[in-house]
Amino acid sequence: MTFKQMQPSNFEQVVFCQDDRVGLRAIISIHSSVLGPATGGTRMWDYGTEAEALTDVLRLSEGMTYKAAMAGLAWGGGKAVLIGDSKTQKTPAMLQRFGEFVDRLGGNYITAKDVGIGADDLRQVKLKTRHVLGIEGDPGSSGDPSPATAWGVYQGMQSSALAAFGTRSLKGLKIALQGLGSVSYYLLDYLAQAEAAVVGCDIDLAMVDRAVKKFGIEIVRPDEIYDVKCDIFSPSALGASVNAKTLPRIQAKVIAGAANNQLATPDEGHEIMRRGMIYAPDYVINGGGLINIYYEDPARGGYSKTRAFEHVAKIGQTVSEILERSQAENIPSQIVANRMADERIEAKRKSRL
Ligand code: NAD
């Protein structure tokens with residue numbers, strides 16, 4: 001079963017880690033280490049079955065390969081899952097044991113935070129391995145990734161505007177921002193400086209309040225955001241918000257936001273093209289946080305915000321390349337992004353032969 005699942009996307013290595021004494025059941029998936037160490041966070045989740053855990057870790061690690069490749073990083077894609085309830089079953093002994101397994105991979109897998117795993121948990125893992133990044137608050141840490149993510153989204157939005165409206169300037173453009181959380185808060189600052197007109201929404205009234213007080217934006221109810229007459233729709237809250245039901249309601253020419261997995265299915269990518277709209281692929285435009293953490297890797301000489309943000313700014317160029325190729329070849333932008341990532345990996349593989 002496992003080889004059958006690994007073959008189609010050519011996964012390199014899947015490691016099952018088990019220690020009953022500490023209640024550890026974990027799976028580490030290294031999808032690709034062609035471009036560099038397979039990097040990706042550790043998720044702790046109470047999966048219904050082991051098969052679900054395996055499917056999830058494979059899917060997530062493959063996504064990391066593409067994200068790192070399109071971010072121009074010397075990193076491959078990996079991910080780990082711990083099976084269990086992160087609220088009741090997580091213990092220091094379990095996390096340390098997991099750290100030992102990570103260490104045995106000799107740096108070919110680098111871990112970080114994900115759902116259910118926080119900074120304190122990573123500190124436990126780090127007692128046993130140095131191949132851990134992104135412990136906010138620790139010396140040398142790159143800190144909260146949201147500002148870097150927002151900077152990248154802003155670059156990608158400008159490139160999308162160039163493709164759609166012929167200018168990178170967002171001045172006077174109306175932007176419907178779905179979600180006013182961490183990334184959006186920093187993005188709002190850039191949008192205010194660019195003199196864009198923002199209409200926002202959030203299910204959390206505290207977030208709405210914060211955005212209105214600081215930036216004076218217009219607010220609509222969460223479900224109304226899809227009907228806002230705007231130039232750019234920015235999904236920055238949750239996944240699958242662009243789906244068969246919402247897409248016909250979106251009146252924007254551009255879709256560009258921070259959320260992961262914005263398109264419910266690949267069909268939406270084709271429908272976006274058919275409608276003459278432009279979509280900045282989510283994993284490319286939101287790669288700023290990953291780029292930020294890349295510069296925390298001791299292999300790069302220690303964290304530098306300047307170098308990290310300079311690299312993040314290149315997301316704009318990458319989005320432009322994707323959109324140009326998408327138009328020239330008449331292929332949805334997210335498929336173009338995948339192809340470009342595959343080409344980068346293949347080129348590196350060949351250069352090693
Ligand atoms: P966040 O949790 O701080 O903000 C998300 C906001 O969306 C919250 O305020 C939440 O109340 C709101 N929300 C949830 N459901 C909503 C709905 N139906 N309608 C309107 N608002 C809703 O998260 P974040 O760190 O700002 O990240 C935003 C998105 O970007 C997430 O999808 C995240 O996975 C993705 N992302 C974040 C980063 C990062 O650096 N933080 C990096 C890459 C991708």
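First listed ligand is number 1; within each ligand, the first listed atom is number 1. The basis for the numbers below is simple: all heavy atoms, side chains too, and nothing from hydrogens, waters or symmetry mates.
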_Winner among Ile225, Thr149, Leu290, Asn286 once heavy atoms are compared against atom 39 (C) of ligand 1_ =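 It is Thr149 that holds the nearest heavy atom.
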*Nearest to atom 31 (C) of ligand 1 by heavy atom, Ala237, Gly288, Ala258: which?*
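Nearest heavy atom to atom 31 (C) of ligand 1 lies in Ala237.
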*Inspect the surroundings of CZ in Arg300 and state if more than 12 heavy atoms from other residues, nucleotides or ligands are less than 6.0 Å away.*
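Yes, because the 6.0 Å sphere around CZ of Arg300 holds more than 12 heavy atoms from other groups.
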*Heavy-atom contacts with Gly179 under 4.0 Å: which atoms of ligand 1 show up? List them by number with element.*
7 (O), 21 (N)
*asked:* Looking at Phe309, I'd like to know if the NZ or CZ of Lys305 sits under 6.0 Å from its six-membered ring centre while staying within 45 degrees of the ring's axis.
replied: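 The answer is yes; both the distance and angle limits are met.
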*Between the side chains of Gln317 and Ser159, is a donor N or O closer than 3.5 angstrom to an acceptor N or O?*
no
*For atom 2 (O) of ligand 1, is some protein heavy-atom partner under 4.0 Å away?*
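False for atom 2 (O) of ligand 1.
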*Rounded to the nearest 0.5 Å, how far apart are CD of Gln251 and SG of Cys230?*
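Nearest 0.5 Å value for the CD-SG distance: 7.0 Å.
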*Write out the residue and atom name of the closest protein heavy atom to atom 15 (N) of ligand 1, then the distance separating them to 0.1 Å.*
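Result: Ile203 CD1, 3.5 Å.
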*Charged N-O contact under 4.0 Å between Asp103 and Lys128*: no
*Looking only at distance, does Asp202 have an N or O less than 3.5 Å from an N or O of ligand 1?*
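Among all N and O atoms of Asp202, at least one is under 3.5 Å from an N or O of ligand 1.
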*Looking only at distances, please establish whether an N/O atom of ligand 1 is found under 3.5 Å from an N/O atom of Val183.*
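Among all N and O atoms of Val183, at least one is under 3.5 Å from an N or O of ligand 1.
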_Counting only heavy atoms closer than 4.0 Å, does ligand 1 sit against the backbone of Ala148, its side chain, both, or neither?_
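Within the 4.0 Å criterion, Ala148 makes no contact with ligand 1.
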_Is Ser182 close enough to touch ligand 1? Criterion: a residue heavy atom under 4.0 Å from a ligand atom._
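Yes.
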